[in-house]
Number of protein chains: 2
Amino acid sequence: MENKHSGTVGVKKIAQLAKVSIGTVDRVLNNRVGVSEKTKAKILKIIEELNYQPNIFARRLASKKKLRFATLIPKVSEETKYWEAPLTGILQAAAEIKDFGIEVIPFFFDQNNKTTFKESTSKINAEEFDGVLMAPMFEDESIAFIEQCNVKKIPLVFINSDIPGHDNLCYIGPNLYQSGYLSAHIVNYISPANKKTLIVNISREIDLHHHLLRKEEGFRNYFEESGSTNELTKIDIQQTGYAHIQQKLTEQLAKDNYDVVFVTNSRVSTVAKYFEENNIKDVKLIGYDFLEENINHLKNKTIDFLICQKPQEQGYRGLMSLYNHLVLHSTIEKEQFMPIDIITKENYQYYSN
Amino acid sequence: MENKHSGTVGVKKIAQLAKVSIGTVDRVLNNRVGVSEKTKAKILKIIEELNYQPNIFARRLASKKKLRFATLIPKVSEETKYWEAPLTGILQAAAEIKDFGIEVIPFFFDQNNKTTFKESTSKINAEEFDGVLMAPMFEDESIAFIEQCNVKKIPLVFINSDIPGHDNLCYIGPNLYQSGYLSAHIVNYISPANKKTLIVNISREIDLHHHLLRKEEGFRNYFEESGSTNELTKIDIQQTGYAHIQQKLTEQLAKDNYDVVFVTNSRVSTVAKYFEENNIKDVKLIGYDFLEENINHLKNKTIDFLICQKPQEQGYRGLMSLYNHLVLHSTIEKEQFMPIDIITKENYQYYSN
DNA sequence: TATAATTTCGTGTACGTTACCGTTAACCAA
DNA sequence: TTGGTTAACGGTAACGTACACGAAATTATA
C-alpha cells in the first residue's frame with residue numbers, strides 16, 4: 001500500500017515509477033532546465049505510457065502565473081454599433097477565463113482615424129502583453145504591428161477581417177467572398193431573370209475598402225458563373241452622412257429601375273431609411289449585420305434579408321483561441337470561418353450573434 | 001503580517017474574522033448541521049461583506065463528490081442519422097465536464113418502438129442519477145417518467161421537442177411553429193403568387209406526429225396571415241420505405257403540377273432521390289436538417305433550402321444546463337429556443353451544427 | 001589533486017477547500 | 001455525583017501541482 005491513490009496518475013506516481021522526485025518530474029513537465037537528457041527521456045516515456053493528463057485544478061491552484069491579453073477593436077460609434085457585438089463576446093470570454101489567472105485589457109480606435117489606431121498599437125507594444133486580439137482594419141499599420149509582435153513572439157489573433165500572408169496565430173471571421181456569393185444566390189432566388197440589381201458600397205476610408213471589394217467580387221462571380229441574365233450596377237458612396245447618401249441614391253435611382261439593392265455592409269439601414277422616406281416598396285433590399293436599426297427595418301419589411309456572421313462569437317472565440325494556445329497548448333486552426341447566416345423577419349428573434 | 005495572503009478571501013480569512021475555525025465556516029458554507037444560529041449569522045454576514053466566492057479549483061481538487069447524468073435519445077438508425085448530432089453534442093459536453101467529477105451515461109431507444117423507450121426509462125429510474133437529459137418523443141410514457149423524476153427531485157432537461165405544462169428544468173430546441181412559419185416565408189419568396197405547394201409528412205409513429213403538425217400549422221398560418229393566393233395541399237406518408245414513398249409521390253404528383261414541395265422533416269432526401277430518378281427539376285424543394293444525404297442533394301440543387309436547428313448544440317447545451325444548475329447553482333432559462341438556420345448550397349460549408 | 005563552477009536532483013511548503021476525526025461543554029437522567 | 005448523549009466547534013490530512021531552496025553529483029579550472 002505504498003500509493004493509496006493508485007487510480008489517479010499524477011506527478012507523484014510518475015516520480016515513483018521513474019525513481020526520481022516529483023521536483024524532477026515537474027521540471028520535465030514544464031520543460032524547465034536542470035534535468036539530464038537521460039532521466040528526461042525516462043520520465044517522458046512513463047508519461048507517454050500512462051497517458052498522463054495534468055490536473056488543471058491542482059495546476060491552477062498552485063500556480064500564481066498571470067497572463068495579460070490585449071484586445072484592439074474599433075470603438076462603438078454613433079455611425080455603427082456593429083462593434084458592440086465583438087466587444088460583448090470579448091468581455092464574456094474575459095469573464096470566463098478570469099479565474100484562470102488571465103487579465104484582458106481592451107483597447108479601442110476610431111475607424112475613421114488611422115492615428116488612433118497607431119496610438120493604440122504603440123501603447124500595447126509598450127506594455128508587456130502575452131497575447132493580442134485585433135481587428136486589423138488598416139493594412140499598413142497592422143502589418144507594422146504584426147512585425148513587432150512577431151519579434152517579441154507574442155501570439156496575435158485577427159477577427160472580422162484578415163491580412164493574409166502574415167504570421168499570426170489565427171483568423172476568425174467571415175469568408176468575405178463566399179458571403180457575397182451567397183447574397184447573390186438569394187438575389188437570384190427572389191428576382192428571376194432579366195432583372196436589375198444595384199450594388200451599394202458605403203464606406204469612408206479607402207483602407208477598409210478591400211474588405212467590401214471581396215464581397216462584391218463574390219457577388220459578381222456568382223452571376224457570372226451561373227450565366228445569369230441579371231444586370232449589375234454599382235455605386236460607391238464615400239461619405240457616410242445621411243444627406244450625402246440621400247443625394248447619391250436619388251441620382252442613381254433616377255437613372256434606372258432596380259429590382260434589388262445589395263448593400264455591402266451594415267449601412268443598409270440608411271438605405272432602408274431612404275426607401276421608407278421616399279415610399280419605395282417594390283425594391284428588394286439585402287444587407288449585412290444584426291444591428292438594432294437593421295432589425296427594425298427587417299420588421300418593417302423594408303429590408304428583406306440580412307447576412308450575418310456572428311460578430312459576438314468572433315470576439316469570444318478570438319480570446320478563447322489565445323487562451324487555448326497559451327494555457328492549454330492546443331493546436332489552433334489557422335483560418336476559422338464563421339457561418340454565413342441568413343436573417344429574415346421570421347427568424348431574427350432566435351438569432352444569437 | 002498575520003495573513004500574508006490578505007488579498008484573497010477564503011475560508012481561512014473568514015474564519016479569522018469570525019474568530020472561529022475554518023471547519024465551522026465550511027459547515028455554514030455547505031449548510032451542514034452543527035453550528036449555532038448565532039455564529040452562523042455572524043459568518044454569513046462576513047461572507048456577504050467580503051463577497052466571498054469559493055475557489056472552484058480548490059473545491060474540485062479537494063472534493064471527491066461525483067455526479068451522474070443520464071441521457072436518453074433515439075439511437076442512430078439507418079432510416080435517419082439525425083440523432084448523431086445531438087449525441088455528438090452530448091459527448092462533447094460530457095468530455096468537458098468530466099474533470100469536474102461528472103459521469104454521463106447515455107441510453108437509447110428505437111423511435112419506432114415505444115417499448116424500448118419504456119425499458120430505458122425504467123433502467124434510468126432503477127439506477128440513481130442526479131440529472132437526466134431526454135428527448136421526450138412518446139408523450140404518455142414521457143409524462144409517466146417525468147412524474148417519477150419529480151418525486152425523486154431529479155432535474156430533467158428536454159431537447160428537440162417539448163412536453164409543455166410539466167415540471168422540468170428546461171426545454172432546449174426549436175420553436176416548431178416558427179420554423180414552419182419561416183419555411184412558408186421562403187416559399188413565398190421563391191414562388192410568387194398563384195402557385196401550388198405540396199406539404200409532405202413522412203412519419204411512421206403517430207406519436208411523433210404532433211411534432212410535425214406544429215410545423216405544418218406555422219406553415220399554413222403564414223399563408224393565411226399574409227393573404228397569399230398560393231394553394232396548399234398535403235399528404236401523409238405513414239410508411240418510411242422508399243417503395244411506398246415512391247408510390248405515394250407518383251400518385252400525388254399525377255394529380256397536379258406543384259411548384260414547391262415542403263417536407264416537414266429530415267426525410268426530404270428521400271423526396272429528392274425520387275425527384276432525381278424521375279428527372280423532376282422545375283419543382284423547388286425545401287426540407288429539414290443538416291444531414292449528409294440532404295447536403296448532397298443541396299449540392300445537386302435538387303434541394304433548394306434546408307432548415308436546421310443546431311441539433312448538436314441542443315445536446316451540448318442540455319447537459320451543460322444540468323451542470324450549471326446542479327454544480328454552479330445558476331438559474332436556467334426555462335425555454336431555450338434554437339436559432340432557425342437557413343442552409344443553401346452557398347453557406348452549408350460553414351454551418352456548425 | 002583540490003577547488004570552483006555548474007548541472008542535476010530532492011525536499012518542503014504553499015495554494016484553498018473538503019471531509020473526517022477529536023475535543024469541549026452543555027444537558028439530562030439516574 | 002456520575003455517566004451518557006449530543007450539539008458545537010477545532011484541527012488537520014489530504015487533493016495534485018508549482019516553485020524556491022539547498023544538497024549532491026558532475027564537470028571544469030587552477
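Order of the sequence lines fixes the chain letters, A, B, ..., with proteins taken first and strands second; residue numbering starts at 1 for each chain. FYI, side chains are in, hydrogens and waters are out, and symmetry mates aren't considered; it's all heavy atoms of this structure.
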Expressed in angstrom and rounded to an integer, what is the separation of Leu67(A) atom CG from dA18(D) atom P? 14 Å
Rounded to the nearest angstrom, tell me the gap between atom NZ in Lys12(A) and atom P in dT11(C). 14 Å
Write down the distance between CD (Glu37(B)) and C1' (dA7(D)), rounded to a whole number of angstrom. 13 Å
Return the nearest nucleotide to the side chain of Tyr52(B); candidates are dT17(D), dT17(C), dC9(C). dT17(C)
Using whole Å, report how far NZ of Lys40(A) lies from C1' of dT7(C). 14 Å
Non-neighbouring partners of Tyr350(B) that pass ring pair (Phe, Tyr, Trp, His ring centres under 6.0 Å), sequence neighbours left out: Phe337(A)
Only pairs under 3.5 Å count here: list side-chain donor-acceptor contacts from residues 23-31 of chain A, not counting sequence neighbours, and write none if there are none.
unit_1: Asp26(A); atom_1: OD1; unit_2: Arg32(A); atom_2: NH2; d: 3.3
unit_1: Asp26(A); atom_1: OD2; unit_2: Arg32(A); atom_2: NH2; d: 2.3

Tell me which nucleotide among dG10(C), dT8(C), dG16(C) gets nearest to the side chain of Val20(A). dG10(C)
Mind calculating the distance between CD1 (Ile14(B)) and P (dG16(C)) to the nearest angstrom? 12 Å
Side-chain N or O of Thr39(B) versus OP1/OP2 of dC9(D): is the shortest distance under 4.0 Å? yes
Heavy atoms only, 4.0 Å cut-off, all strands: where does Val11(A) land among base, sugar-phosphate and nothing? base
Rounding to a whole Å, what distance do you find between Gln16(B):CD and dG11(D):P? 13 Å
Can you tell me the distance, in whole Å, between the CZ atom of Arg59(B) and the P atom of dT18(C)? 5 Å
For nucleotides 19-28 of chain D, list the nitrogen or oxygen atoms of the protein found under 3.5 Å from its nitrogen or oxygen atoms, one pair per line.
unit_1: dC19(D); atom_1: OP2; unit_2: Arg32(A); atom_2: NH1; d: 2.8

What is the separation between atom CZ on Phe100(A) and atom C1' on dT17(D), rounded to the nearest whole Å? 15 Å
Apply ring pair (Phe, Tyr, Trp, His ring centres under 6.0 Å) to Phe117(B) and list each qualifying residue two or more places apart in sequence or on a separate chain. Phe109(B), Phe138(B)
Contacts of type ring pair (Phe, Tyr, Trp, His ring centres under 6.0 Å), residue Tyr351(A), not counting sequence neighbours: Phe290(A)
Sequence-distant partners of Ala58(A), side-chain contact (heavy atoms from CB on, under 4.5 Å), two or more places apart: Asn55(A), Leu61(B)
Looking across every strand, which nucleic acid part, if any, lies under 4.0 Å from Gly10(B) by heavy atom: base, sugar-phosphate, or nothing? sugar-phosphate
Is any side-chain N or O of Thr24(A) closer than 4.0 Å to OP1 or OP2 of dT8(C)? no
